[in-house]
Number of protein chains: 2
Amino acid sequence: MVRTTVQDVARAAGVSVSTVSRALTGGSVSPSTREAVVAVAHRLGYQPNRAARGLITGRTGNLGLIVPDLRNPFFADVAKGVTARARAVDCGVFISDTDEDPVAELEAIATLRHNTDGILLCSPRARDAELLAAADPENTVLLHRRVPGLSSVAADIVDGTRQAVRHLRALGHRRIAYVSGPEDSWASRQRLAGIAEFQGDAELEILPVVSVAPTFDGGVLAGDLVLASTATAVLAYNDLVAMGLLHRLAARAAVVPERLSVVGYDDISFAAMSHPPLTSVAVPKDRAGAIGLDLLLGRGSMTAAQGAEVILPTTLVVRASSGPAG
Amino acid sequence: MVRTTVQDVARAAGVSVSTVSRALTGGSVSPSTREAVVAVAHRLGYQPNRAARGLITGRTGNLGLIVPDLRNPFFADVAKGVTARARAVDCGVFISDTDEDPVAELEAIATLRHNTDGILLCSPRARDAELLAAADPENTVLLHRRVPGLSSVAADIVDGTRQAVRHLRALGHRRIAYVSGPEDSWASRQRLAGIAEFQGDAELEILPVVSVAPTFDGGVLAGDLVLASTATAVLAYNDLVAMGLLHRLAARAAVVPERLSVVGYDDISFAAMSHPPLTSVAVPKDRAGAIGLDLLLGRGSMTAAQGAEVILPTTLVVRASSGPAG
DNA sequence: TTGAAAGCGCTAACAC
DNA sequence: GTGTTAGCGCTTTCAA
């Protein structure tokens, strides 16, 4: 792999290396020279060595994205948003999948912070204090999580939960079961905060069913518990759980939404493909990723260094899994 | 972000930079010196600058993974396999999502081949000749695609197709519809090759229905066409198409598998969550990624440079969407 | 075994 | 507007 260097381009174009550098990075060069250099560079298939450039500029042109699990469509969507935007601004993206392990997460932060211009930390599993200790506030943006002292881009989960409950109440449901996820997670606490707003509502009863794994299997497990309750509707921690619920309810011949309405959270693409199609709270996933990247690179009006806290709106998407109370 | 350099460590340890370098990378140093240097490095939180190291060693310690669409669970699974293995061998992974665009793909290859130690090219959309022109055979491994002249790790699609058809034949089906994907793709041609084996089978008729987009919507579209045919079973291009089929068949009150058996391909995680759970040809996805990485890094018995062609077995996973012919 | 010094490919002062 | 030169942080000859 013999790579062409600035030297080669300079020689071929009959100019100095600095002229080549300037011509290619937008320094002051005469139009004609620039044109010639660009042509030669292109002809030689010249690709600047990012490592060398980074060594001197102090910027690598790369950033890191850390996610708990790429297999989870939610994170895949976030990653898609990041990579798409990165491609547009010609920025490389290191992706680290931590397998839901907080320790791996902290290690990834330690490695990436020295080899990238910044880190996008999506739904980290580590605790606030650990994150604060490991991350550089100047070059870190949290995605779908908020920690005081760090910049973040997150969805308005409380409002999304509110919309979901109001939707069910408007359909005449008076007893709604809430299937919770991992209780110590930030996302879970946010949902609970939304639920809590209805505590004083005399005509509504929220039945906390159980805390399950935020997976299809977790939903299957919750299915029987919900059927054993007096609820006429269920709000699930996320779409995966909702799909598990749907599966178990179908197996027990409980027709959705006649017998029970089901509402999910996140609106992953598969929510629309379930049977019946799932009503779900849509969370901007790819958009959060793109905005986080802009924040990191200081491309928008705000920068990560300012400790920005971006909150994106959520919207309830009504499909066939929710209907009038029977 | 003031990073500690070898200089700092050398000064603090009272030795020269070269000694520090040797102590940390396994050169010949006296045990006592090494111990002291390592201690100081650790105390100072020293993290070697990969860019600077790469500049001189010629190896970056990173590799690139190019996929058409991270949102597609198939590719997310492959990516997961790659990143998991990469973490184990302490290797960074650049992920580039090309959005199914062959041009973006070629650009990604051009950028990454100069800034990584190698490229993992998953199910590329570009043509053989373009790939051969853009990629360096020494440092490129194809995943789920074969191109003469390049190393690859792919599943035995022909055999998987064979298993699916035999399964349906064994269930008594005599007219099987095949819903094809993008006709010019490698994966599609492989499936067709598997189908072709049954041309001479007197007791079996394969009805080519149509070529659709390899998506849920493509499957929905194919649903009506399949119902209009005489087929009693359908083999779909992939699970997404199969799920679209399932959806449309349910909407038209065609019960699966009584009225029609449906078999998908790939066995993505959602195949087990569909209604009814989908019979599908399982393809090693994460394993292909991990093996590809080893090939690239020359960690196994083979290396990419040798032009290895690894073929992984496929297995039919029978679930509720396929049953006896009515 | 250790240190001094020469770069890897590139950009940014600084001269011209 | 263009060329010369000094490094960025690191590894690796080459001497000692």
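Atom set for the values below is all heavy atoms of this structure, side chains included, hydrogens, waters and symmetry mates excluded. Every chain is numbered from 1, with letters handed out A, B, ... down the list of sequences.
Within the 4.0 angstrom heavy-atom criterion, base atoms lie near A:Ser28.
Between D:dT11 and B:Ser21, a contact under 4.0 Å exists linking OP1 or OP2 to a side-chain N or O. Contact annotation: A:Thr57 does not reach the phosphate of C:dT11 (side-chain N/O to OP1 or OP2, under 4.0 Å). Phosphate proximity of C:dC8 to A:Thr5: absent, as no side-chain N or O sits under 4.0 Å from OP1 or OP2. Taking 4.0 angstrom as the limit, B:Thr33 places none of its side-chain polar atoms (N or O) nearer than this to OP1 or OP2 of C:dT1.
The base of D:dG3 sits within donor-acceptor range of the side chain of A:Ser18, with an N or O pair under 3.5 Å. A donor N or O paired with an acceptor N or O is found under 3.5 Å between the base of D:dG3 and the side-chain atoms of A:Arg22.
The distance from atom CD of A:Glu35 to atom P of D:dG1 is 16 Å, rounded to the nearest whole Å. Rounded to a whole Å, the CG atom of B:Leu24 is 16 Å from the P atom of D:dG9. Here the C1' atom of nucleotide C:dA4 and the CD atom of B:Gln7 are 12 Å apart, to the nearest Å. The CG atom of A:Asp8 sits 12 Å away from the P atom of C:dC8 (whole-angstrom rounding). Rounded to an integer number of Å, the gap from CG of B:Leu55 to C1' of D:dG7 is 12 Å. Rounded to an integer number of Å, the gap from CD1 of A:Ile56 to P of D:dC10 is 15 Å.
Salt bridge status for B:Asp69 with B:Arg125: absent, with no side-chain N to carboxylate O gap under 4.0 Å. Electrostatic pairing of B:Asp99 and A:Lys80 counts as a salt bridge here, judged by a charged N lying under 4.0 Å from a carboxylate O. Of the charged side-chain nitrogens involved, at least one lies within less than 4.0 Å of a carboxylate oxygen, so that B:Asp90 and B:Arg50 count as a salt-bridged pair.
If you find the closest nucleotide of DNA chain D to A:Pro31 and to A:Val17, the one lying nearer the 5' end belongs to A:Pro31. When each of B:Val29 and A:Thr25 is assigned the nucleotide of DNA chain C with its nearest heavy atom, B:Val29 is the one assigned upstream, toward the 5' end.
Residue A:Arg53 has its side chain nearest to C:dC10 when only C:dG7, C:dC10, D:dT12 are considered.
Side-chain contact check for B:Thr116 and B:Asn62: no donor-acceptor pair (N or O, by modelled atom type) lies under 3.5 Å.
In A:Glu35, the CD atom is not crowded: 12 or fewer heavy atoms of neighbouring residues, nucleotides or ligands sit closer than 6.0 Å.
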